[in-house]
Amino acid sequence: MKDPLRTQIRHVLDALGDVPDDFEIELEEPDRPEHGDLATNTALRLASVLGDNPRSIAETLAAQLRERVDPSRIQSVEVAGPGFVNFRFAQDYLFEGLADLLAEGDTFGKTDNGTGQTALVEYVSANPTGPLNVGHGRNAVLGDTIANLLEWTGYDVTREYYYNNAGRQMRVLAQSVRARYEALAGDVSTTSLTLDDGTTVEVPAGFPEDGYLGQYITEIADDLYDEHGDALLATDDLAPFREAAEQAIFADIEDTLRALTIDMDGYANEQALHDEGRVQEVLNGLDDAGYTYEENGALWFKTTEFGKEDDTVLVKQTGEPTYRTPDIAYHTAKFGRGFDLMVDVFGADHHAAYPDVLSALDVLGHDTDRVDVVLYQFVTLVRGDEPVKMSTRRANYVTLDDLIDQVGADVTRFFFLMRSPDTHLNFDLELAEEESEKNPVFYLQYAHARICSVLDKAEEVGFSHDADADLSLLTHEDEIALIKELLRFPQELQNAAEARAPHFVPNYLRDVATAFSQFYDHCQIIGEENERASARMQLARAAKTVLKNGLTVLGISAPRQM
RNA sequence: GCGCCCGUAGCUCAGUUGGAUAGAGCAGCGGACUUCUAAUCCGCAGGCCGCAGGUUCGAAUCCUGCCGGGCGUACCA
C-alpha cells in the first residue's frame, strides 16, 4: 500500500515543480487511530523548499490525491494538524487483506527481500570447556531467532557454531581432566588452589593453576578410567583427554540446544582452519599487504592504522596464534563459501575484538558490508529483588540447563527475546517460574489456546467457517482493529529481520493478543446468526494463524489448550 | 584516560528511518463471569524521557558537553 501511494504523491509533486528529484516521500503509521492508517509529512518538509506554509501545501496535495487514489483501497485523504496528510483504508481493502491472510495460512508473514540470497548466522560459538551458561542462552536464542527471521524474509540460511579447539583453553581443559584421571589411577598428592574470592580448594598435584573445577571434569575422568584403566598414564599425550572432554562436553551442549529447539546446520572449528592452511593464508595475506610486523618475538597487526589505540598481536611469542587470527581465517572461509550475508552474534565483551576482524577482512579484499555483528549485553539472574550469585571459576553457576529445567524452554526463549539485545537483561527467575497471568509468554499462548477452543466449540454446536464467508460483515470497531493489527505482521517480521531485532516480534504479538482478546470480549460467535458467526470464525482463524506463525518464528510452542 | 551499551511511570521495559496528546506489562485503586477458556476484559491513578546547551517548522529519537551504571580497553577466549 505504501508504494502505490508514494507513486501517486510523486506524481503530484512533479506537477508542482520546484521539488528536488531526490526528495524522499515518508509514509508512516500514526500512533492514534484518528490520524488514519497512513500519514505523510511531505507538506511539512516541503514548506521551506517551496516557501509556502505547510498547511496550504497539504491542502493542495490532498485535493489532488483525492482525484488520483483508488477508492476501493483508500477511503479518505485528509489534512490534519500542522500539515500532515492522513489516509484511511477502505474497508474492502482490509477484507481483501484478510482473505489473502487466510489463503496463505502458515506461510502468511513470509516476504521476499532476501529471496535468492544466502545467509550464514554464526551463534552460540561457546568453546566446549563446560556447560552453557545463561549468557550463552541469550546468544543461542537471539541467533536462532535472527536465523528464523531471515528465513521468513526469503534468505537461504545456514546456522553455524564455531569453536576454538586448538588453543590454550582446550589444553588447560585436557590438563584438568588428566589431573583428575591421575588421581583415580594412582595415589596422587594434593595441593590447594586459592580462588579469586579468597577461598581455597584441594586439587590433585598435577592440576593446572587456572584449571576447570566443575564436577563434570571429574565425571569425564571417571569415564576415561572406566574405559582405559591405568593405560593412559603411560603417555604424556594430552590428546586423549582433550578429545574425550571435547566430545563429552559437546554432547551436553547439543542436548541443551536441542531442548531450546535449536538445530545447527554445522559446526566449524579452529583446528580445521589450521589443517586447511587458512590461518597461514591470513597471515601471508596481511603480511603481503604490509599490515604486519614482528616485535618481541610476536607478530603484530597494525590496527592503529584503523583508528585503534594499539596494535594487536596475531601470533604470540610462543608461536601460538591469538584467538583473533583463526577468527579472521574463519571469516575468510565464510566469504569463500559465497554467503551474501554473514551475521555474527557476540556478547558485549567482544566489542573490542570484532573490529580487528573486520579490518583484517578489509585488508584481505573482502566486502565487510556483508558482515553484520549483533552485540548483546549481559544477562543478570535475579530472583525478585535478589541477584543470584554465581562463580564461573568454581562452575557454581546456574547453567542454561538448570534454567530450562526450572522454567521451561518456551519461557526461556521468550525472556531472552522480549528485550532489545542492546539492553542489559534482568532475568527474573521468580517471574519466569510463575505460571500465571504475570508471565507475559502465557498471555500469547493463552490467546492461541482460547481461539482453538472457541473454534472447536463453535463447530460442535453446528457453526462452520466457510471459505466463502462474507467478511464484509466484520464491521465492529474491535473487528476492524484486529484485522488491521493482523495485516501488519509481514511488515513487522521484515522490520525485525532487517534491524536484527527479534524483540519487535514479542512486542507485536502482545498487541495481536490484546486485539484478539478485545474482539473476543465484545463479539460473540455462538449465538450470532450463521453468516456473521462464519465471518467471525474466519477472523478468529486469522488471529490464530498470526499468533501461531509469530510464535513459530520465536521458536515457542503454540498450545491448543492450557 | 579511551571505546561501546544503557539511563523513559514505584519496578521491568517498548518507542525502526526525527512527527501530532510519550506507551505496555507488573505493582496500586475501582469495576465485569448462571452466556464461546476470567491465565481475560473495562476504568482510574501514575512522567522536567538523567542534566545542560545546539540543529529543526517539529527532538525521548540527531549533534556537543557533563552526571550515573554496565562491559571492554591481554602475547585470555
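Per chain, numbering begins at 1; letters A, B, ... match sequence-line order. Any value given below was found using the heavy atoms of this structure, including those in side chains, with hydrogens, waters and symmetry copies removed.
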Write down the distance separating the C1' atoms in B/U56 and B/A39, rounded off to the nearest Å. 47 Å

Using 30° and 60° as the class limits, which term best fits the ring planes of A/Tyr354 and A/Phe346: parallel, tilted or perpendicular? tilted

Return the value, rounded to whole Å, for the distance between atom CG of A/Leu46 and atom C1' of B/U56. 15 Å

Is it true that a side-chain atom of A/Arg278 and a backbone atom of A/Ala272 form a donor plus acceptor pair closer than 3.5 Å? no

5'-most contact on RNA chain B: A/Cys523 or A/Pro321, nearest heavy atom basis? A/Cys523

Could you tell me whether a side-chain N or O of A/Asn133 sits under 3.5 Å from a main-chain N or O of A/His136, the two making a donor and an acceptor? yes

Check this for me: does any side-chain nitrogen of one of A/Arg171 and A/Glu320 sit under 4.0 Å from a carboxylate oxygen of the other? yes

Length of the CG-C1' vector between A/Asp356 and B/C75, whole Å: 14 Å

Please report, rounded to the nearest Å, how far the C1' atom of B/G58 is from the CZ atom of A/Arg45. 12 Å

Go ahead and write out RNA chain B as dot-bracket, 5' to 3': ( ) for pairs within the strand, [ ] for ones crossing earlier pairs, | when the partner sits on another strand, dots for unpaired; Watson-Crick or G-U wobble, both distances under 3.5 Å. (((((((..((((.....[...)))).(((((.......))))).....(((((..]....))))))))))))....

For a quick check of understanding: with a heavy-atom distance under 4.0 Å over all strands, which category does A/Asp511 fall into, base, sugar-phosphate or nothing? nothing

Determine the interatomic distance between C1' on B/U73 and the same-named atom on B/U55; round to the nearest Å. 33 Å

Students often get this wrong, so: under 4.0 angstrom with heavy atoms, is A/Ala449 touching a base, only sugar-phosphate, or nothing? base

Are any of the side-chain nitrogens in A/Lys438 or A/Asp428 under 4.0 Å away from the carboxylate oxygens of its partner? no

Would you mind classifying the nucleic acid contact of A/Asn41 as base, sugar-phosphate or nothing, using non-hydrogen atoms under 4.0 angstrom? base

Checking all strands, does A/Arg510 fall into the base, sugar-phosphate, or nothing category for heavy-atom contacts under 4.0 angstrom? sugar-phosphate

Indicate whether A/Phe84 forms a stack on B/A20; treat it as stacked only if centroid distance is below 5.5 angstrom and interplanar angle below 30 degrees. yes

Which part of the nucleic acid, if any, lies within contact of A/Glu24, taking any heavy atom under 4.0 Å across all strands shown: a base, the sugar-phosphate backbone alone, or nothing? nothing

Tell me what A/Arg560 touches on the nucleic acid: a base, only sugar-phosphate, or nothing, going by heavy atoms under 4.0 Å. base

Are any of A/Lys316's side-chain N or O atoms less than 4.0 Å away from OP1 or OP2 of B/A74? no

Interatomic distance at C1', B/C6 relative to B/C42, whole Å: 36 Å

Can you label the angle between the A/Phe306 ring and the A/Phe301 ring as parallel, tilted or perpendicular, going by 30° and 60°? tilted

B/G25 and B/A9, which share atom name P, separated by this distance in whole Å: 16 Å

Specify the separation, in whole Å, of atom OH of A/Tyr330 and atom P of B/A77. 18 Å

Check: A/Tyr376 ring centroid to A/Phe416 ring centroid under 6.0 Å: no

Phosphate-side-chain proximity, A/Arg32 and B/G23, N/O vs OP1/OP2 below 4.0 Å: yes

Rounding to a whole Å, what distance do you find between A/Glu28:CD and B/G19:P? 7 Å

Exceeds 12 heavy-atom contacts within 6.0 angstrom, atom NZ of A/Lys308: yes

Taking the C1' atom of each, how far is B/C33 from B/A24, in whole Å? 25 Å

Is the A/Tyr162 ring parallel, tilted or perpendicular to the A/Tyr330 ring (thresholds 30°, 60°)? parallel

Taking any heavy-atom pair under 4.0 Å as a contact, classify A/Cys452: base, sugar-phosphate, or nothing. nothing

Would you indicate which nucleotide in B/C75, B/C76, B/C41 comes nearest to any side-chain atom of A/Tyr443? B/C41

Phosphate-side-chain proximity, A/Tyr520 and B/C33, N/O vs OP1/OP2 below 4.0 Å: no

Could you tell me the separation between the CG atom of A/Leu429 and the P atom of B/C26, rounded to a whole number of Å? 20 Å

Mind telling me whether A/Tyr267 and A/Tyr161 have parallel, tilted or perpendicular rings, with 30° and 60° as the class edges? tilted

Sticking with atom P, work out how far B/C44 lies from B/U8, rounded to a whole angstrom. 25 Å

Within the 4.0 Å heavy-atom criterion, would you say A/Thr318 contacts the bases, only the backbone, or no part of the nucleic acid? nothing

Students often get this wrong, so: under 4.0 angstrom with heavy atoms, is A/Asn165 touching a base, only sugar-phosphate, or nothing? nothing

Grab the N/O contacts between the protein and nucleotides 42-47 of chain B below 3.5 Å, and write none if there aren't any.
unit_1	atom_1	unit_2	atom_2	d
B/C42	OP1	A/Gln518	NE2	2.5

Under 3.5 Å, side chain of A/Ser176 to main-chain N/O of A/Tyr212, donor-acceptor pair present? yes

Could you check which of B/A77, B/A38, B/A20 has an atom nearest any side-chain atom of A/Thr322? B/A77

Measuring to OP1 and OP2 of B/U40, would you say a side-chain N or O of A/Lys438 lies under 4.0 angstrom away? no

Just by distance, do the side chain of A/His351 and the backbone of A/Ala348 share a donor-acceptor pair under 3.5 Å? yes

Salt-bridged, A/Asp3 to A/Arg6, with N to O below 4.0 Å? yes

Distance, P atom - from B/A32 to B/G15, rounded to whole angstrom: 37 Å

Are any of A/Tyr446's side-chain N or O atoms less than 4.0 Å away from OP1 or OP2 of B/A39? yes

Should A/Glu24 and A/Arg45 count as an ion pair when the cut-off is N to O under 4.0 Å? no

Whole-Å distance, A/His350 NE2 to B/C76 C1', equals 11 Å

Using a heavy-atom cut-off of 4.0 Å across all strands, would you classify A/Ala352 as base, sugar-phosphate, or nothing? sugar-phosphate

Heavy-atom count around A/Asp511 CG within 6.0 Å, excluding the residue itself: above 12? yes

If I take atom CG in residue A/Asp349 and atom C1' in nucleotide B/A74, what distance separates them, rounded to the nearest angstrom? 13 Å

Using a cutoff of under 3.5 Å, can you pull out all pairs of nitrogen or oxygen atoms linking the protein to nucleotides 3-12 of chain B, with atom names and distances?
unit_1	atom_1	unit_2	atom_2	d
B/G3	N2	A/His351	ND1	3.3
B/G3	N2	A/His351	NE2	2.6
B/G3	N3	A/His351	NE2	3.1
B/C5	O2'	A/Asp422	O	2.4
B/U12	O2'	A/Arg419	NH2	3.1

Mind checking the P distance from B/U61 to B/G19? Whole angstroms is fine. 10 Å

Under 4.0 Å between any heavy atoms, over every strand shown, what does A/Ala501 touch: base, sugar-phosphate, or nothing? Just pick one. nothing

Using the closest heavy atom to pick a nucleotide of RNA chain B for each, name whichever of A/Ser420 or A/Leu44 lands nearer the 5' end. A/Ser420

